[in-house]
Student: 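Sharing a structure here in structure tokens format.
We count residues from 1, following the sequence as given. In this text, all values refer to a predicted model and were calculated from it rather than measured experimentally.
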Amino acid sequence: MYGKKFRRMLACTGLAVVLAASMLQGCGGGKKTVTQEEALAKMKEFKTGDGSVAIKLEDSWTTEDLGVDFWLGAGSTDGSKAVLVMQFPKGGSILPVGSMDDVKSLVDESYGVSDAADAEAPTLPGMTDVTASTCKVNADGETAEAYLIYGETDYAFYSLMYVAEKIKDNDMVSMKASCSSFVETPIEEEDNTTVEITDTVRWFNASYAVLTEINGWDYNRFAGAPANDETKEIQKASLDEWWGVTDRASADENLTWILEEGHRTGFKEDMEYLKEVGIGDVEAEGRKDFILENFEVTDEEAQSYVDSYNMYEEFGADAIAGWDYCRALNLMSFYYLAGYYTEQEALDKSLEIAQTVQPLFTSWDELIASYMRGYEYWAEESSAERQAIYEDLKTRSDNPYTVDYNLTLEKTW
């Protein structure tokens with residue numbers, strides 16, 4: 001679900017340095033257990049770069065630049081202890097998280113969380129669903145103990161981590177005292193989008209709402225994210241990585257390809273070739289063996305070809321056309337956010353694409369089923385996860401698919 005670049009950003013937040021330093025000395029033993037009030041008396045306020053989070057930590061600690069304005073990293077002067085506060089704004093334009101489960105998966109994967117055991121959760125003002133655990137974390141081969149906390153507000157999901165070689169009783173008291181001082185000041189993102197969300201625009205959004213949801217974005221706003229300088233740089237990097245798009249010319253080249261050829265062309269050619277060599281004359285249960293006997297492919301690849309041919313037999317040469325057209329509409333949102341298309345250009349082209357694809361299907365279920373078949377052909381894996389997201393979206397109070405599929409699509413901007 002998450003790109004390599006994002007995982008690298010998480011892994012390079014400086015935790016490896018903290019872990020390495022924490023191995024030099026522990027937190028000290030035999031000390032009198034302090035109270036939270038005593039701990040707070042020796043603390044000062046620390047803030048994230050954007051000012052959206054403030055929390056008190058020991059006054060001798062210093063901050064570390066984590067490269068994310070709404071994250072906070074701070075540690076003791078000897079490097080033996082550290083705190084990491086990670087904020088994941090809901091519907092934000094940078095971090096692809098749509099739920100607390102997404103946050104936990106990212107943290108577990110990026111920091112090698114292991115040996116987790118439930119612990120008493122602290123109180124964080126304004127935060128709900130707070131849970132905590134003691135665990136071990138790892139970065140660049142260095143391991144340390146951690147007190148790991150999760151919670152959420154209306155504005156964001158949070159993960160807070162206290163790290164030390166060995167966490168003592170006073171460390172737990174100190175972290176709970178810090179948590180009690182937590183203050184959130186939501187930041188309103190700059191958004192240069194001006195279009196009104198009419199039914200036609202909702203139709204565009206619905207065509208790629210599954211991917212919007214996967215990205216943790218908002219399918220109720222055009223393009224799914226705010227148009228600003230920050231989003232622009234992220235989308236430019238993403239388009240370069242996934243599409244090879246670096247400017248308007250390469251953006252147009254990719255769009256022309258997906259509209260005139262796309263994966264549906266390769267699908268048709270592949271399936272017609274399989275038909276030519278005789279797979280259509282083989283009983284369904286024997287087709288995988290037929291592929292394995294006639295082509296140098298793996299067992300998994302053989303099954304993927306069989307599945308694709310079965311699609312071809314049932315739905316015809318355009319079985320995956322929805323995949324290409326939904327992605328084309330999604331590209332227009334990406335091109336707009338990246339600054340390669342103006343808002344008006346992206347909307348005008350989206351209307352043209354939508355008017356092309358709409359007559360090819362009779363309902364959202366038909367279009368999305370075609371999209372899912374295309375995903376399976378392209379990714380050579382099941383679309384079950386994406387299908388589950390689609391089904392879930394249809395149960396929500398803000399279900400993007402309530403807009404009539406057969407709506408008269410017209411320019412409303």
Side-chain angles (χ1 to χ4, degrees), residues 1-10 68 70-71 86-107 109-110 152 155-157 159 189-191 193 197 201-243 245 251 254 258 322-323 325-341 346 350 368 371-372 374-375 378-379 381 383-394 396 398-401:
M1 178 185 286
Y2 310 106
K4 293 179 181 177
K5 181 176 180 181
F6 178 69
R7 288 196 294 270
R8 285 197 301 269
M9 183 179 76
L10 273 172
V68 184
F70 40 89
W71 286 8
M86 292 173 281
Q87 179 195 84
F88 299 83
K90 295 178 178 179
S93 59
I94 300 179
L95 306 180
V97 295
S99 68
M100 184 58 75
D101 285 341
D102 289 344
V103 173
K104 291 179 179 178
S105 294
L106 281 168
V107 173
E109 180 180 351
S110 301
E152 66 177 290
Y155 176 66
F157 299 107
S159 174
E189 288 186 283
E190 177 188 4
D191 187 1
T193 302
I197 306 303
V201 176
R202 290 187 187 282
W203 201 101
F204 302 160
N205 290 355
S207 70
Y208 52 86
V210 170
L211 187 58
T212 302
E213 176 68 11
I214 289 173
N215 285 336
W217 291 5
D218 184 359
Y219 45 76
N220 288 310
R221 69 194 306 171
F222 177 58
N228 54 43
D229 289 342
E230 197 168 48
T231 307
K232 181 176 181 179
E233 293 308 309
I234 292 166
Q235 277 306 306
K236 288 173 70 174
S238 178
L239 284 167
D240 185 12
E241 179 179 0
W242 291 102
W243 291 89
V245 169
N254 269 267
I258 203 169
W323 165 252
Y325 287 114
C326 286
R327 294 181 88 207
L329 282 159
N330 204 175
L331 270 181
M332 297 319 305
S333 71
F334 292 158
Y335 288 177
Y336 163 59
L337 293 176
Y340 297 139
Y341 274 57
S350 293
I368 300 304
Y371 168 87
M372 297 297 177
Y375 174 80
W378 170 74
E381 66 179 28
S383 63
E385 183 179 349
R386 293 188 177 214
Q387 184 66 41
I389 292 171
Y390 173 61
E391 298 300 335
D392 177 63
L393 288 174
K394 291 193 294 181
R396 298 185 184 180
D398 64 347
N399 171 14
Y401 299 102

Student: Quick one: are Trp243 and Leu331 in side-chain contact, heavy atoms under 4.5 Å?
Tutor: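 They are in contact (side-chain heavy atoms under 4.5 Å apart), so the answer is yes.
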Student: List the atom of Pro400, the atom of Ala206, and the distance in Å for their closest heavy-atom pair.
Tutor: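 Distance-wise, the nearest heavy atoms are O-CB, 3.6 Å.
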Student: For the residue pair Ala346 and Ser350, what are the closest heavy atoms and their distance?
Tutor: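 It is O-OG, 2.7 Å.
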Student: Return the CZ to CG distance between Phe222 and Asn205, rounded to the nearest 0.5 Å.
Tutor: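 One finds 7.5 Å between CZ of Phe222 and CG of Asn205.
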Student: Using every non-hydrogen atom in the two residues, find where Ala338 and Lys232 come nearest and quote the distance to one decimal.
Tutor: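 The answer is O-CG, 3.4 Å.
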Student: Considering residues at least two apart in sequence or located in another chain, which fulfil the ring pair (Phe, Tyr, Trp, His ring centres under 6.0 Å) criterion with Tyr390?
Tutor: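 Testing Tyr390 for ring pair (Phe, Tyr, Trp, His ring centres under 6.0 Å), a comparison that skips the adjacent residues, returns Tyr401.
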Student: Would you say the side chains of Ser99 and Asp101 form a donor-acceptor pair under 3.5 Å?
Tutor: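 The answer is no; no qualifying pair exists.
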Student: If you look at every heavy atom in Ala227 and Leu337, which pair is closest and at what distance?
Tutor: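 Residues Ala227 and Leu337, closest heavy atoms: CA-CD2, 4.0 Å.
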Student: Answer whether the closest heavy-atom distance between the side chains of Arg202 and Asn220 falls below 4.5 Å.
Tutor: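 Side-chain contact under 4.5 Å: yes.
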Student: Using 0.5 Å steps for rounding, measure from the CZ atom of Phe70 to the OH atom of Tyr155.
Tutor: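 That separation rounds to 7.5 Å.
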Student: For a 4.5 angstrom cut-off between non-hydrogen side-chain atoms, does Leu106 reach Met86?
Tutor: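 SC-SC contact between Leu106 and Met86 ruled out.
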Student: Contact between Tyr340 and Leu239 at the side-chain level, heavy atoms closer than 4.5 Å - yes or no?
Tutor: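 Of all side-chain heavy-atom pairs linking Leu239 with Tyr340, at least one is under 4.5 Å.
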Student: With distance as the sole criterion, is a donor-acceptor pair present between the side chains of Ser333 and Asn330 under 3.5 Å?
Tutor: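 Their side chains do contain a donor-acceptor pair, which is all the 3.5 Å distance test asks for.
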Student: Is there a side-chain contact between Lys90 and Phe157, using heavy atoms and a 4.5 Å cut-off?
Tutor: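 Sidechains of Phe157 and Lys90: in contact.
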Student: Over all heavy atoms of both residues, which pair between Cys326 and Tyr208 is shortest? Give the atoms and the distance, please.
Tutor: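 Closest approach of Cys326 to Tyr208: O-CB, 4.2 Å.
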Student: With sequence neighbours excluded, tell me which residues meet side chain to side chain donor-acceptor pair (under 3.5 Å) with Ser159.
Tutor: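 Listed in chain order: nothing, the list is empty.
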Student: Nearest 0.5 angstrom please: Ser207 OG to Tyr325 OH, how far?
Tutor: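 Result: 13.0 Å between the selected atoms.
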Student: Contact between Met332 and Phe204 at the side-chain level, heavy atoms closer than 4.5 Å - yes or no?
Tutor: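 Sidechains of Phe204 and Met332: no contact.
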Student: Compute whether any side-chain donor of one residue and acceptor of the other, for Asn215 and Thr212, lie under 3.5 angstrom apart.
Tutor: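 Per modelled atom types, Asn215 and Thr212 side chains form no pair under 3.5 Å.
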Student: Can you tell me how far CD1 of Ile368 sits from CZ of Arg386, rounded to the nearest 0.5 angstrom?
Tutor: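 So the gap between those two atoms works out to 11.0 Å.
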Student: In terms of side-chain geometry, is the basic nitrogen of Lys236 or Asp240 positioned less than 4.0 Å from the acidic oxygen of its partner?
Tutor: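 Looking at Lys236 and Asp240, the cut-off is not met.
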Student: With distance as the sole criterion, is a donor-acceptor pair present between the side chains of Tyr335 and Gln235 under 3.5 Å?
Tutor: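 Short answer, no.
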Student: Quick one: pull up CG in Leu211 and CD in Glu213 and give me the separation to the nearest 0.5 Å.
Tutor: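 These two atoms lie 10.5 Å from each other.
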Student: Please examine the side chains of Thr193 and Arg221, heavy atoms only from C-beta on, and report whether any two atoms are closer than 4.5 Å.
Tutor: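 The answer is no; the side chains never approach within 4.5 Å.
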Student: Nearest 0.5 Å please: distance from the CH2 atom of Trp71 over to the CZ atom of Phe88.
Tutor: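 Between Trp71 CH2 and Phe88 CZ, I get 4.5 Å after rounding to 0.5 Å.
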